[in-house]
Undergrad: 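Structure below; questions to follow.
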Amino acid sequence: MAGVLRGRLADPGKSRPKIAHVVERFLYDYARIYAGHSVALSTYVEPAAERKLRAAAEPILATGDRFRPDFGETGAMRLHRTSAGVIAEVEFNNRSVRQSRQGHDIHAAHDRVTMQLLVDDRSLRVRDYFILSDTQVP
């Protein structure tokens with residue numbers, strides 16, 4: 001499947017809590033961007049991944065619409081080691097609501113989402129990310 005990161009299951013050892021913190025921060029900032037907030041990603045996200053995220057959000061934000069993010073409970077994080085870094089994979093139920101410029105709620109289909117982040121386990125920077133879902137995710 002295109003856009004899916006693959007690797008062997010990692011023994012996270014001492015780096016797991018640090019990688020978990022990066023994943024949590026990315027999910028939080030991802031939601032804030034789609035809610036229309038200014039977010040400084042450059043401190044822990046590589047420029048190409050930041051451009052990718054902002055480019056994906058721009059068409060929605062340009063309409064004046066915003067999201068009220070609701071990712072529900074996040075499932076257990078799985079780590080996979082690759083030659084490019086560690087793939088951190090989390091699943092969540094996307095129950096976000098799109099709100100029009102006029103303040104009307106536009107309910108989207110709720111779906112199960114898998115987010116994969118490629119994290120450099122030395123610098124703890126997000127190198128790339130992928131979102132897997134059957135429906136369009138913000």
Undergrad: Quick one: pull up CD1 in Ile33 and CZ in Phe67 and give me the separation to the nearest 0.5 Å.
TA: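 Going from the CD1 atom of Ile33 to the CZ atom of Phe67 covers 13.5 Å.
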Undergrad: With a 4.5 Å heavy-atom cut-off, do Asp29 and Leu53 have their side chains touching?
TA: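 Contact flag for Asp29/Leu53 side chains = no.
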Undergrad: Under 3.5 Å, is there a donor-acceptor pair between the side chain of Arg81 and the main chain of Val86?
TA: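 Looks like no, no N/O pair under 3.5 Å.
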Undergrad: I'd like to check the side-chain hydrogen bond (donor to acceptor under 3.5 Å, both in side chains) partners of Gln102; sequence neighbours left out, ordered by chain and number.
TA: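 In terms of side-chain hydrogen bond (donor to acceptor under 3.5 Å, both in side chains), with neighbours along the sequence ignored, Gln102 is linked to Ser100.
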Undergrad: Search all heavy atoms of Pro59 against all heavy atoms of Ala55 and return the closest pair with its distance.
TA: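 For Pro59 and Ala55, the tightest heavy-atom pair comes out as CD-O, 3.1 Å.
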Undergrad: One thing to verify: whether Arg127 and Glu46 come together as a salt bridge, which I'm taking to mean a side-chain N less than 4.0 angstrom from a carboxylate O.
TA: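 Salt bridge flag = no for Arg127 with Glu46.
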Undergrad: Testing Glu24, Met115, Arg78 for side chain to side chain contact (heavy atoms under 4.5 Å, CB included) with Val90, which one passes?
TA: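 Running side chain to side chain contact (heavy atoms under 4.5 Å, CB included) over Glu24, Met115, Arg78 with Val90 returns exactly one hit, Met115.
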Undergrad: In this structure, which one of Leu27, Asp120, Val126 forms a side chain to side chain contact (heavy atoms under 4.5 Å, CB included) with Val22?
TA: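 Between Val22 and the candidates, side chain to side chain contact (heavy atoms under 4.5 Å, CB included) is satisfied uniquely by Val126.
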Undergrad: Does any part of the side chain of Phe130, heavy atoms only, come nearer than 4.5 Å to the side chain of Glu89, both counted from C-beta?
TA: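 A side-chain contact is absent here, since even the closest heavy-atom pair is not under 4.5 Å.
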Undergrad: For the atom pair CG (Leu41) and CZ (Arg54), what is the distance rounded to the nearest 0.5 Å?
TA: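 Spacing of CG (Leu41) from CZ (Arg54) equals 4.5 Å.
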Undergrad: In Å and rounded to the nearest 0.5 Å, what is the CG to CG distance from Leu79 to Leu117?
TA: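 So the gap between those two atoms works out to 11.0 Å.
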Undergrad: Taking all atoms of both residues into account, what is the closest heavy-atom pair of Gly85 and Asp121, and its distance?
TA: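 Smallest interatomic distance, heavy atoms only, reads CA-OD1, 4.5 Å.
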Undergrad: Taking the side chain as C-beta and beyond, is there a heavy-atom pair between Val119 and Tyr44 under 4.5 Å?
TA: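 No - every pair of side-chain heavy atoms lies 4.5 Å or more apart.
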Undergrad: How about Leu124 and Arg25: do any of their side-chain heavy atoms sit closer than 4.5 Å?
TA: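 Side-chain contact under 4.5 Å: no.
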Undergrad: Nearest heavy-atom pair of Arg125 and Ser42: which atoms, and what distance?
TA: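 Residues Arg125 and Ser42, closest heavy atoms: NH1-O, 3.1 Å.
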Undergrad: Can you tell me how far OG1 of Thr43 sits from CD of Glu50, rounded to the nearest 0.5 angstrom?
TA: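 So the gap between those two atoms works out to 9.0 Å.
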Undergrad: Within the structure provided, determine whether Gln116 and His80 are in side-chain contact (heavy-atom separation under 4.5 Å).
TA: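 Side-chain contact under 4.5 Å: no.
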Undergrad: Quick one: ring pair (Phe, Tyr, Trp, His ring centres under 6.0 Å) partners of Phe26, sequence neighbours excluded?
TA: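 Partners of Phe26 by the ring pair (Phe, Tyr, Trp, His ring centres under 6.0 Å) criterion, ordered by chain and then number, come out as Tyr129.
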